[in-house]
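A quick write-up on the structure given underneath.
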Amino acid sequence: MLGFIRPFLPWIAYSVVASALDWRWGALVGLLWTAGELLSARRSGRGWDSLVIEVCSSLYFVIVVAVAFAEPHSSARPYIQAASSLWLALAAWGSLAIRRPFTLGIAKQTVPAEFWDNPVFYRVNAVITSAWAISFTLSGAAMVALRATHGSDSLVTLVTIAGFVVPAVFTARYSAAARARAAAATQA
C-alpha cells in the first residue's frame with residue numbers, strides 16, 4: 001500500500017503546512033518534496049509510467065508556488081486545497097480516459113511482469129484508479145463547498161486527508177482481494 005500512498009505524501013504535507021502556517025510554505029514544501037521524490041525515483045531507474053502523480057504534482061506545485069509568492073493575498077488562496085484535489089482528479093480521470101490508469105505503473109513495481117498484459121491486471125488498476133479519481137473529485141467538491149460556506153481550515157485539512165486515506169484503504173483491500181482471486185483461479 002505504501003507504493004500507492006507515497007506519491008501523495010507531499011500533498012498531505014502541503015495541506016498540513018498550509019493550514020498550520022501559510023499556503024506559500026505549504027506549496028513550497030509540496031514542491032520540494034515532490035521534486036525530490038521524482039528525482040530520486042528517476043535515479044533509481046523507475047519509468048515515467050510509474051511517476052504520473054509525481055509529474056502532475058510537480059506541475060501543480062510549480063504553479064501554486066509562483067502564484068503564492070507573487071500574490072500572497074490572492075483571491076484564489078482559499079480554494080487552493082480544493083484545486084489540489086481537483087487537479088489530482090483530473091490527472092486520474094485523464095489517465096483513465098487514455099486507457100493508462102496511473103496505478104498501472106505503480107503496480108508494475110511489485111507485480112511480476114508476466115501479469116502486466118493480463119486484462120484482469122488492467123481491470124484491477126482501472127477500478128483502483130477510478131476509486132482515487134472519485135475520491136479526489138468528491139473531496140475537491142466538498143472543499144469548494146466548505147470554502148463557499150466559510151468552513152474551517154481544520155475541516156478542509158480533514159477532508160483532504162480523508163480524500164487520500166479512503167482510496168488508500170480501498171486500494172489495499174481491493175488489491176488483496178484481486179490477488180486472492182488470482183491465486184484461487186490458478187489453483188483450480
Side-chain angles (χ1 to χ4, degrees), residues 4-42 48-98 100-103 105-106 128-171:
F4 285 100
I5 196 72
R6 186 176 181 150
F8 301 112
L9 292 176
W11 294 88
I12 294 169
Y14 157 68
S15 180
V16 171
V17 173
S19 293
L21 298 176
D22 184 84
W23 73 306
R24 292 172 291 183
W25 304 115
L28 189 58
V29 165
L31 175 60
L32 293 174
W33 191 333
T34 301
E37 288 287 326
L38 186 58
L39 290 172
S40 174
R42 289 298 295 155
W48 288 109
D49 66 332
S50 70
L51 299 169
V52 172
I53 294 301
E54 289 87 347
V55 170
C56 289
S57 299
S58 294
L59 292 173
Y60 179 82
F61 286 125
V62 163
I63 293 166
V64 173
V65 164
V67 170
F69 281 93
E71 191 67 37
H73 303 291
S74 169
S75 60
R77 188 196 113 17
Y79 295 94
I80 291 296
Q81 283 180 272
S84 69
S85 287
L86 296 172
W87 179 274
L88 288 169
L90 182 63
W93 289 119
S95 75
L96 287 166
I98 63 169
R100 300 283 306 168
F102 79 84
T103 59
I106 298 168
I128 291 170
T129 297
S130 296
W132 285 93
I134 290 166
S135 183
F136 292 143
T137 302
L138 293 176
S139 64
M143 284 185 271
V144 168
L146 283 167
R147 287 302 184 203
T149 60
H150 306 290
S152 73
D153 285 347
S154 298
L155 192 52
V156 170
T157 299
L158 289 175
V159 169
T160 300
I161 293 169
F164 292 107
V165 170
V166 169
V169 169
F170 174 82
T171 297

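Residue numbers run from 1 in the order of the sequence given.
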Donor-acceptor check, side chain of Ser40 to backbone of Gly36, threshold 3.5 angstrom: yes or no?
no
Please find the pair of heavy atoms, one from Leu96 and one from Ser130, that lie closest to each other, and give the distance.
CD1-OG, 3.5 Å
Between Ala162 and Pro167, the two heavy atoms sitting closest are O-CD, 3.9 Å
Is the side chain of Ser139 donor-acceptor paired with the backbone N or O of Phe136 at a distance under 3.5 Å, no angle test?
yes
Describe, in one word, how the ring planes of Tyr14 and Phe61 are oriented to each other, choosing from parallel (under 30°), tilted (30 to 60°) and perpendicular (over 60°).
perpendicular
Would you mind reporting whether Ile128 and Pro101 have side-chain heavy atoms less than 4.5 Å apart?
no
Is it true that, when you exclude Trp93 itself, more than 12 heavy atoms of the residues, nucleotides or ligands shown sit nearer than 6.0 Å to its CH2?
yes
So which atom in Val29 and which in Ala13 form the shortest heavy-atom distance, rounded to 0.1 Å?
CG1-CB, 4.1 Å
Minimum heavy-atom distance between Cys56 and Ala91, given as atom pair plus value
SG-CB, 3.7 Å
Between atom CG of Leu21 and atom CG of Leu28, what is the distance when rounded to the nearest 0.5 Å?
11.5 Å
What is the distance from atom CG of Leu38 to atom CH2 of Trp48, rounded to the nearest 0.5 Å?
5.0 Å
Atom CZ of Arg100: over 12 foreign heavy atoms under 6.0 Å
no
Tell me if a side-chain donor or acceptor on Ser135 pairs with a main-chain N or O of Gly163 at a distance below 3.5 Å.
yes
Residues Leu51 and Ala41: closest non-hydrogen pair is CD2-CB, 3.5 Å
Is a side-chain N or O of Ser84 found less than 3.5 angstrom from the main chain of Gln81, in a donor-acceptor match?
yes
So, the side chain of Trp23 versus the backbone of Pro72: is there a donor-acceptor pair under 3.5 Å, distance only?
yes
Supply the atom-to-atom distance Leu59 CG to Leu31 CG, rounded to the nearest 0.5 angstrom.
10.0 Å
Could you tell me if Ser58 and Thr34 have a donor-acceptor pair between their side chains, going purely by distance under 3.5 Å?
no
At what distance, to the nearest 0.5 angstrom, does OG1 of Thr137 lie from CG of Leu88?
10.0 Å
Over 60° means perpendicular and under 30° means parallel, so tell me whether Tyr60 and Trp87 are parallel, tilted or perpendicular.
tilted
Quick one: does Arg147's side chain have a donor or acceptor within less than 3.5 Å of a partner on Tyr79's backbone?
no
Gap between atom CG of Leu138 and atom CE of Met143 - 0.5 Å precision
10.5 Å
Side chain proximity check, Ile12 to Thr160, heavy atoms < 4.5 angstrom
no
Answer yes or no: is there a donor N or O on one side and an acceptor on the other, between the side chain of Ser95 and the main chain of Ala92, under 3.5 Å?
yes
Contact summary for Ser152 and Leu155, nearest pair of heavy atoms
OG-N, 3.1 Å
Once the angle between the rings of Phe164 and Trp132 is folded into 0 to 90°, is it parallel (under 30°), tilted (30 to 60°) or perpendicular (over 60°)?
tilted
